[in-house]
Visitor: 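The structure's right below; bear with me while I get my questions together.
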2 protein chains.
Amino acid sequence: MRVSLKDVAARAGVSIKTVSNVVNNYQHVTPAMRERVQQAIDELGYRPNLTARHLRQGRTGIIALALPELGNPYFAELAAAVIDAAALHDYIVLLDHTGGRREQEVLVSQGFRARVIDGLILSPIELEAEDLRERTENVPLVLLGERHYDLPYDHIAVDNVAAARAAVRHLIDLGRREVAFIGARRGHSQPAHLRLQGWREELLSAGLSVDDGLIATTEGWGHADGAAAMTRILETGRRPDAVFAYNDPIAIGAMRVMSERGMRVPEDVAVVGFDDVVEGHFGTVTLTSVSPDKEAIARMAVESVLARLSGQAPEPRRVWADYRLIARESTLGRSTQAARST
Amino acid sequence: MRVSLKDVAARAGVSIKTVSNVVNNYQHVTPAMRERVQQAIDELGYRPNLTARHLRQGRTGIIALALPELGNPYFAELAAAVIDAAALHDYIVLLDHTGGRREQEVLVSQGFRARVIDGLILSPIELEAEDLRERTENVPLVLLGERHYDLPYDHIAVDNVAAARAAVRHLIDLGRREVAFIGARRGHSQPAHLRLQGWREELLSAGLSVDDGLIATTEGWGHADGAAAMTRILETGRRPDAVFAYNDPIAIGAMRVMSERGMRVPEDVAVVGFDDVVEGHFGTVTLTSVSPDKEAIARMAVESVLARLSGQAPEPRRVWADYRLIARESTLGRSTQAARST
DNA sequence: AGCCGGGCTTGCAACGTTATACGTCCGCAT
DNA sequence: ATGCGGACGTATAACGTTGCAAGCCCGGCT
């Protein structure tokens with residue numbers, strides 16, 4: 001059986017409340033009393049029951065983080081950063097994953113998967129604005145990532161259009177003219193939309209034509225999806241001289257296919273990814289990528305939730321996180337490797 | 001303000017307990033009554049307060065999972081599997097990471113980081129047996145992974161010695177004679193120890209000599225550590241014809257260094273990793289690896305915790321999870337790729 | 001000496017839920 | 001007509017904690 005304040009109080013011969021005072025470092029406790037109670041605590045091995053404390057205080061010290069998939073190293077690294085950021089504020093993180101499926105995202109946003117939480121950080125993929133408009137759950141919600149909603153929620157993301165434009169600009173500056181985009185999304189409206197839009201805008205502003213034949217859709221966002229999409233492009237007979245991928249795993253999957261077909265990166269095809277995952281730093285050809293400031297995103301997400309929790313939050317805000325384009329061998333080649341920032 | 005049973009009861013003109021009965025689908029409730037209460041629930045948007053329920057029931061429906069680092073895709077994938085396995089039993093997962101640091105692992109095992117949990121799954125790296133012997137926290141603990149303790153806790157792992165022997169056997173069967181091991185751990189006793197032991201045993205049983213010059217230690221378990229270790233081996237002038245790495249990131253980091261120095265994989269050096277992370281499936285040279293059955297590990301871990309929770313657990317058990325050696329290009333070359341199991 | 005004030009300790013209530021045990025009502029068998 | 005049992009609803013007491021307000025004691029001031 002677990003020991004409670006009552007047991008300690010009985011042992012020390014004091015009231016429950018006095019024990020509570022000792023546990024919580026209440027100031028008006030004589031050293032002698034503190035000593036005596038502490039001894040009883042140690043002897044019995046008392047540990048506060050956090051559930052009871054939470055019930056009493058109306059908060060739990062837990063925030064939930066819901067990500068599409070942990071298998072994607074970007075999200076795994078982001079999760080680690082959120083856990084650390086939350087720990088700074090004495091918060092603990094409950095982790096969930098949605099598979100990027102709308103149904104799961106709705107459940108999470110409605111709090112049906114975890115109802116013990118003070119706040120929620122959600123990185124949506126398919127979730128629609130109407131789903132959020134119908135949201136009845138009242139724990140603070142902060143949105144993460146690429147989707148864009150005109151709704152009264154805090155939203156933290158990098159400027160995907162600008163970041164995508166920087167990536168494509170980099171390819172154009174290298175003299176590439178046939179820049180494919182891999183990782184567009186069939187059917188659903190927004191995912192990948194902003195990066196695709198950046199690709200389009202930058203091509204147009206460079207006076208290049210926008211060719212839908214160079215857009216490849218994918219089902220998911222993993223290596224295999226990138227490989228399949230690249231294969232499809234090549235089978236149409238197109239030979240792009242550059243690829244901008246929705247994310248790094250897709251880029252790496254595509255590079256694998258190129259390697260199988262004897263195409264050289266970057267000589268024949270320059271490749272830029274997105275997310276800057278560690279994996280891209282160590283391939284046979286290292287990957288140029290857009291690097292979002294994950295720590296800042298995690299920090300701002302946690303702080304937004306907590307601010308809203310304490311009621312001091314003003315208007316819902318859209319916050320842009322920093323990013324950098326880090327050029328590596330997949331665009332520069334092995335010898336001339338260097339870093340470049342935007 | 002949040003609505004409670006009391007509010008619903010007032011609205012429906014019934015007792016609190018009747019509302020509770022409706023919420024919990026208690027059988028003796030007339031359809032008419034159920035209807036009436038349900039309507040009040042819907043009108044007010046009532047949601048049960050799980051904290052109160054947990055206090056009452058003495059359990060929270062939360063289990064904690066503490067892993068060394070999420071940046072390692074093996075652990076990220078394992079976390080995803082645990083979340084899914086827990087969901088099957090209506091449990092939610094609180095995620096923590098220890099950085100593989102003993103101090104953090106002790107805190108976690110003692111429940112200082114999260115005390116709202118019913119059970120704990122911990123994958124230790126530096127934790128010592130004495131730390132566990134001194135453990136006073138009484139929530140069920142299940143250990144995961146490679147470390148080996150003679151203590152009364154459930155422990156789930158693949159047979160690391162046997163798996164390592166299979167990996168080295170594979171290299172020997174291919175005719176390799178100078179098999180390096182990358183990823184040993186300086187100072188601390190056990191991590192990597194079992195895999196190193198398997199390497200040693202298999203070399204000896206094949207009549208080969210065990211050469212400490214072919215053992216490279218690392219600080220961590222990431223790509224960069226593998227790269228640094230490989231560089232050190234090559235700088236001693238040694239030219240192994242095979243590498244068995246502690247895990248896949250280390251193997252991939254090492255392969256990057258080989259590629260930089262013009263060494264071909266597998267022609268000059270055959271490489272085997274451990275963990276079978278997705279990243280290894282898509283490199284320019286795909287990676288042969290020992291593939292632990294992550295889903296089974298996650299499932300057994302969750303079930304062990306829950307069994308112990310419900311008191312039906314017998315003796316603490318050591319459970320061996322399945323694994324397979326999956327041969328890919330880093331040992332077989334591109335054309336002859338195939339899969340092999342043990 | 002009596003009073004006041006502050007430091008220390010305590011009892012009580014409440015957070016929202018569910019288990020238990022009880023009360024009521026109805027229908028049916030005696 | 002009476003009694004009995006089952007179906008249904010409810011009052012009450014917990015679960016373990018903390019905020020509040022009150023009570024006690026003692027030293028110092030008048």
Side-chain angles (χ1 to χ4, degrees), chain A residues 1-41 44-62 90 111 114-118 137-139 309, chain B residues 1-41 44-62 90 111 115-118 137-139:
Chain A
M1 222 1 246
R2 204 162 157 120
V3 279
S4 72
L5 284 181
K6 191 157 64 174
D7 305 316
V8 178
R11 172 106 179 192
V14 296
S15 79
I16 291 180
K17 190 64 219 294
T18 298
V19 181
S20 170
N21 286 340
V22 170
V23 170
N24 293 290
N25 274 313
Y26 179 69
Q27 48 175 336
H28 298 308
V29 181
T30 39
M33 175 63 85
R34 189 177 299 271
E35 165 74 15
R36 179 162 131 219
V37 171
Q38 188 58 50
Q39 188 173 347
I41 289 177
L44 296 176
Y46 167 76
R47 298 285 185 76
N49 178 325
L50 288 211
T51 304
R53 184 178 285 176
H54 295 160
L55 173 61
R56 183 60 236 238
Q57 298 182 333
R59 42 173 293 270
T60 62
I62 302 177
D90 285 323
R115 286 171 293 184
V116 222
I117 58 173
D118 291 340
E137 175 68 28
N138 52 7
V139 313
L309 205 55
Chain B
M1 224 359 246
R2 203 156 159 122
V3 280
S4 72
L5 283 182
K6 190 157 62 172
D7 306 316
V8 178
R11 172 110 179 187
V14 296
S15 79
I16 291 181
K17 189 64 218 297
T18 299
V19 182
S20 171
N21 286 341
V22 170
V23 170
N24 293 290
N25 275 314
Y26 182 69
Q27 48 175 336
H28 298 307
V29 181
T30 36
M33 176 61 87
R34 189 176 298 272
E35 166 74 14
R36 181 164 127 218
V37 171
Q38 188 59 51
Q39 189 173 347
I41 288 176
L44 296 177
Y46 167 77
R47 299 285 185 74
N49 178 325
L50 289 209
T51 304
R53 184 176 285 175
H54 295 160
L55 172 61
R56 186 59 239 235
Q57 297 182 334
R59 42 172 293 269
T60 63
I62 302 177
D90 285 322
R115 287 171 292 184
V116 220
I117 58 173
D118 291 341
E137 176 67 28
N138 52 6
V139 312

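Everything quoted here is computed from the prediction, not taken from an experiment. Each chain gets a letter, A, B and so on, in the order its sequence line appears, and its residues count up from 1. All values below come from the heavy atoms of this structure, side chains included, with hydrogens, waters and symmetry mates left out.
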Visitor: Look up atom CZ in A:R53 and atom CG in A:N24, then write down how far apart they are to the nearest 0.5 Å.
Guide: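 Atom-to-atom, A:R53:CZ and A:N24:CG are 5.5 Å apart.
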Visitor: Restricting both atoms to N or O, compile the protein contacts to nucleotides 11-14 of chain C shorter than 3.5 Å, with distance only.
Guide:
unit_1: C:dA14; atom_1: N3; unit_2: A:R56; atom_2: NH1; d: 3.4

Visitor: Which nucleotide in the set C:dT18, C:dT10, D:dT18 lies at the smallest distance from any side-chain heavy atom of A:N21?
Guide: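 For A:N21, the side-chain atoms sit closest to C:dT10.
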Visitor: Do you know the tightest heavy-atom contact between A:T51 and A:N49?
Guide: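 Shortest heavy-atom contact: N-OD1, 2.8 Å.
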Visitor: Considering every strand and a 4.0 Å limit on heavy-atom distances, what is the contact class for A:T18: base, sugar-phosphate, or nothing?
Guide: base
Visitor: Taking C-beta and beyond as the side chain, do A:H54 and A:V116 meet within less than 4.5 Å on heavy atoms?
Guide: no
Visitor: First locate atom CD1 of A:I62, then atom CD1 of B:I62, and finally report the distance between them rounded to the nearest 0.5 Å.
Guide: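 Output value for this atom pair is 4.0 Å.
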Visitor: For the helix from C:dA1-D:dT30 to C:dT30-D:dA1, what angle lies between the axis at the first five pairs and the axis at the last five pairs, to 10 degrees?
Guide: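 Both end axes considered, the difference amounts to 70°.
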Visitor: Just verifying a value: how many Å separate A:I41 CD1 and A:L5 CG, rounded to the nearest 0.5 Å?
Guide: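 Answer rounded to 0.5 Å: 8.0 Å.
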Visitor: Counting side-chain heavy atoms from C-beta on, which of C:dT17, D:dT18, C:dT9 comes nearest to A:S20?
Guide: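 Side chain of A:S20 sits closest to D:dT18.
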Visitor: Whole angstroms only, please: what is the OH-P distance between A:Y46 and D:dG16?
Guide: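 Taking OH of A:Y46 and P of D:dG16, I get 10 Å after rounding.
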Visitor: Round to a whole Å and report the spacing from NZ of B:K6 to C1' of C:dG16.
Guide: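 Going from NZ in B:K6 over to C1' in C:dG16 covers 9 Å.
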Visitor: In whole angstroms, how far is the P atom of C:dG7 from the CE atom of A:M33?
Guide: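 Checked: the CE to P distance equals 17 Å.
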Visitor: Find the distance A:L5:CG to D:dA14:P and express it as a whole number of Å.
Guide: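 Roughly 17 Å, once rounded to whole Å.
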Visitor: Applying a 4.0 Å non-hydrogen cut-off, can you work out what A:T30 is touching in the nucleic acid: base, sugar-phosphate, or nothing?
Guide: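 Result for A:T30 = sugar-phosphate.
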Visitor: Locate the shortest heavy-atom distance separating B:R2 from B:D7; write the atom from each residue and the value.
Guide: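 Where B:R2 meets B:D7 most closely, the heavy atoms are O-OD2, 4.0 Å.
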Visitor: Let me know, please, whether B:Y26 or B:P48 comes out on the 5' side of the other along DNA chain C by nearest nucleotide.
Guide: B:P48
Visitor: Please report the distance, rounded to the nearest Å, between CG in A:N24 and P in D:dT17.
Guide: 10 Å
Visitor: Please report the shortest heavy-atom distance between A:P48 and A:V23, naming the atom on each side.
Guide: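 It is CG-CG1, 4.2 Å.
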Visitor: Over all heavy atoms of both residues, which pair between A:A40 and A:A12 is shortest? Give the atoms and the distance, please.
Guide: CB-CB, 3.9 Å
